[in-house]
Each structure stands twice: as structure tokens, then as C-alpha cells.
Amino acid sequence: MSDAIVFADLMDDAALLSYEHQLHLAEVLGEHSWDVDLNEGRFAFETEFGTKVCTDFHLLGSAAPGPSSWLWSWANPAGYPEEVVGLARSLRNFGIAHDIDELADEEVPFDAFWFEEPTPVLVAGAMMEASKVLSGRWTSYSGGVNAAGTRAAFLVEHPDFQLPPPSGPRVMRVLNAGLAEIVLRDHRRALHSYLSRRGLNPTFTADLAHLTFDHAVIGGTVDFDEFGRASALNARLGPGQ
């Protein structure tokens with residue numbers, strides 16, 4: 001088996017933990033609007049509970065329907081402060097080192113992605129997923145920036161965006177909904193990544209047909225079919241869950 005990393009691996013690594021973070025972000029913000037000033041370094045959400053100013057944020061880039069391409073923020077001719085684009089630039093270094101064109105190239109055409117009908121929303125989402133697993137910053141936000149449909153993609157930080165410790169019901173929701181709603185290329189990789197990052201102690205059987213996990217709040221087994229797809233999920237909640 002090759003140790004080479006491809007862009008699809010990063011997507012699988014990020015998928016389920018990213019999904020849980022976005023669920024949490026939606027709960028924290030509720031109905032909201034957003035505003036960013038790149039030169040001042042300010043990103044804020046106006047919510048029904050008041051203004052929430054991010055403690056830090058990172059502009060990754062933008063996906064535009066006109067040229068049908070993604071443009072990394074560090075390559076944008078408009079020029080942005082280094083503190084805003086520095087994280088994206090560091091991802092480029094990883095891309096160059098591992099021959100991942102989607103991270104290394106200044107501009108990435110939509111047809112470089114596997115979507116049947118790539119859109120700015122889908123492409124921005126893919127780039128945010130890969131950026132999360134490499135940077136360790138797991139909360140993202142994508143917003144429209146013009147009438148043409150261009151989407152800007154950010155990673156945003158605030159103490160309220162951090163996940164609480166895992167709970168049995170939330171983990172079950174992430175596993176069930178994530179497997180049903182997210183296109184995963186490698187189910188084993190995606191599930192092991194999520195369970196590991198949530199501290200749920202996953203272990204494969206020798207034949208890779210089953211993945212067990214065990215924690216005080218939840219434990220269980222995921223079965224895989226001959227194609228490596230998750231075919232059954234059996235879980236038990238811990239006491240008090």
C-alpha cells in the first residue's frame with residue numbers, strides 16, 4: 001500500500017469531525033449574518049444573541065463561477081495581509097512537498113475535482129475540508145461575495161466554536177447522518193479518523209472487516225462489506241447518556 005497522500009485522503013480524514021463542528025457552529029450562531037474586513041483583520045457574526053467577533057480567522061481563497069476555478073488567497077492579485085493568508089500559504093508548502101496539486105497550484109480548475117456538476121459552494125467546501133485536517137482548525141465558513149456567485153472560504157476561530165467533550169447521542173448522530181449524507185471515498189479511513197480524533201479508541205480487526213470503538217459515553221462496532229463500505233453500525237450508549 002502506498003504511503004502517498006492524495007487530496008481525497010484529506011477529504012476523508014476531515015469529513016466526520018468537520019461535520020460535527022459545522023453542526024456545533026450552526027447551534028452556536030443560529031440565525032445570523034456575517035461581516036469581514038480583511039485589512040483590519042476582523043470577522044464578526046451578528047446573531048440573535050449579539051455580536052460574536054472571531055478571535056482569529058484565515059482566508060483560504062475563493063471559488064468563482066466565471067473562470068470556473070478556485071484561487072488561493074495568497075495568489076489573489078488584490079493582495080491581502082499576511083496574517084490573513086499565512087495559513088493558506090503554509091498549506092501550499094504541504095502541497096508542494098507531497099505533490100498535491102490542489103494545494104500547491106495558485107489556481108485550480110473546477111474540473112480538477114470529482115463533482116459531476118462542480119459549483120462554487122462544492123469546491124469551496126472541498127478546499128475547507130482539506131485545510132481543516134492539515135491546520136487543526138476545524139470550523140469553517142463560506143459566504144457569497146458578489147452577485148455572480150463567487151464564494152469566499154474561511155477558517156474561523158472562537159472559544160465558543162470548540163466542541164464539547166463527546167456525548168453518546170451526538171456521536172451517534174454524526175456517524176449515522178454523516179454516513180448517509182457525506183460522500184466518502186474510503187469509509188474505513190473516514191471512520192477511523194473521526195473516532196480517533198474524538199478519543200473513542202478505534203481498533204480494526206486483523207481482516208479490516210470490523211472497526212470497534214470504546215469509550216465511557218459510547219462504544220460499538222462498524223462492519224464493512226467486501227467493497228470497504230460501512231454496512232452496519234451497532235452502538236451502545238454509556239451510563240447516563
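As the structure is a prediction and not an experimental result, all values here were calculated from the model.
Smallest separation of non-hydrogen atoms from Arg170 and Glu20: CG-OE2, 3.2 Å. The two atoms that bring Glu107 and Pro109 nearest to each other are O-CD, 4.0 Å, heavy atoms only. When all heavy atoms of Tyr194 and Leu17 are compared, the pair lying nearest together is CD1-N, 3.5 Å. Nearest heavy-atom pair across Leu237 and Pro169 is CD2-N, 4.1 Å. Taking all atoms of both residues into account, the shortest heavy-atom contact from Phe224 to Leu208 is CD1-O, 3.7 Å. Leu87 approaches Ser90 most closely through the heavy-atom pair O-OG, 2.6 Å.
For the atom pair CE of Met127 and CZ of Phe113, the computed distance is 3.5 Å after rounding to the nearest 0.5 Å. Atoms CZ and CE, from Arg137 and Met128 in turn, are 16.0 Å apart once rounded to the nearest 0.5 Å. The CZ atom of Arg92 sits 8.5 Å away from the CG atom of Asp105 when rounded to the nearest 0.5 Å. In this structure, CG in Asn93 is found 10.5 Å from NE2 in His98, a value given to the nearest 0.5 Å. If you take CG on Leu16 and CD1 on Ile182, they are separated by 5.0 Å, rounding to the nearest 0.5 Å. Distance check: Asp223 CG to His210 NE2 gives 5.5 Å after rounding to the nearest 0.5 Å.
In the hydrophobic clustering of this structure, Leu59 does not group with Leu71; members are Ile, Leu, Val, Met, Phe, Trp, Tyr whose side-chain heavy atoms approach within less than 4.5 Å, directly or through other members. Trp70 and Trp114 fall within the same hydrophobic cluster, defined by Ile, Leu, Val, Met, Phe, Trp and Tyr side-chain heavy atoms under 4.5 Å apart, directly or through other members. Hydrophobic clustering of Ile, Leu, Val, Met, Phe, Trp and Tyr side chains at less than 4.5 Å, counting indirect connections, keeps Phe49 apart from Phe43. Linking ILVMFWY side-chain heavy atoms closer than 4.5 Å, directly or via other members, places Phe115 and Phe7 in a single hydrophobic cluster.
Checking side-chain atoms of Asp9 against main-chain N and O of Val6 turns up a donor-acceptor pair under 3.5 Å. Listed for the Ser193 side chain is a donor-acceptor partner under 3.5 Å among the backbone atoms of Asp13. At distances below 3.5 Å, not a single donor-acceptor pair connects side-chain atoms of Asp101 with backbone N or O atoms of Ala104. Not one N or O on the side chain of Thr221 forms a donor-acceptor pair closer than 3.5 Å with the backbone of Asn234. Arg151 contributes no side-chain N or O that, together with a main-chain N or O of Pro120, makes up a donor-acceptor pair within less than 3.5 Å. Between the side chain of His215 and the main chain of Val217, a donor-acceptor pair closer than 3.5 Å is present. With hydrogens and angles disregarded, a donor-acceptor distance shorter than 3.5 Å links the side chain of Asn201 to the backbone of Asp214. No donor-acceptor distance shorter than 3.5 angstrom exists from the side chain of His32 to the backbone of Ala26, with no hydrogens or angles considered. Using modelled atom types, no side-chain atom of Trp74 and backbone atom of Glu106 make a donor-acceptor pair closer than 3.5 Å. With hydrogens and angles disregarded, no donor-acceptor distance shorter than 3.5 Å links the side chain of Ser68 to the backbone of Phe110.
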When you look at Leu163 and Arg198, which way does the side-chain contact (heavy atoms from CB on, under 4.5 Å) test go after all the steps? CA-CA 10 Å; Leu163 290 183; Arg198 284 305 256 155; 3.8 Å; yes
Does the pair Trp72 and Leu60 meet the rule for a side-chain contact (heavy atoms from CB on, under 4.5 Å), with working shown? CA-CA 6 Å; Trp72 284 101; Leu60 299 175; 4.3 Å; yes
side-chain contact (heavy atoms from CB on, under 4.5 Å) evaluation trace for Leu38 with Val36: CA-CA 6 Å; Leu38 297 175; Val36 63; 3.8 Å; yes
side-chain contact (heavy atoms from CB on, under 4.5 Å) for Lys132 and Leu155? Distances and angles first, verdict last. CA-CA 8 Å; Lys132 290 179 182 186; Leu155 297 182; 3.9 Å; yes
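At most 12 heavy atoms of other shown residues, nucleotides or ligands fall within 6.0 angstrom of atom CD in Glu40.
Contact check for Phe154 versus Val84: no side-chain heavy atoms found under the 4.5 Å cut-off. Counting heavy atoms from C-beta outward, Leu103 and Leu10 have side chains that approach closer than 4.5 Å. Between His158 and Thr139, every side-chain heavy-atom pair lies at or beyond the 4.5 Å cut-off. Ser69 places none of its side-chain heavy atoms less than 4.5 Å from the side chain of Val108. Residues Glu181 and Tyr19 have side chains in contact (heavy-atom distance under 4.5 Å, counting atoms from C-beta outward). The closest side-chain heavy-atom distance from Pro81 to Asn39 is below 4.5 Å.
Using a 3.5 Å distance cut-off with no hydrogens or angles, the side chains of Glu157 and His58 do pair a donor with an acceptor.
Taking the centre and axis of the six-membered ring of Trp138, the NZ or CZ atom of Arg197 falls outside the cone set by 45° and 6.0 Å.
With Pro202 as the partner, the side chain to side chain contact (heavy atoms under 4.5 Å, CB included) test is satisfied by one option alone out of Leu191, Thr212, Leu195: Leu195.
Phe57 has its ring centre no less than 6.0 Å from the ring centre of Tyr141.
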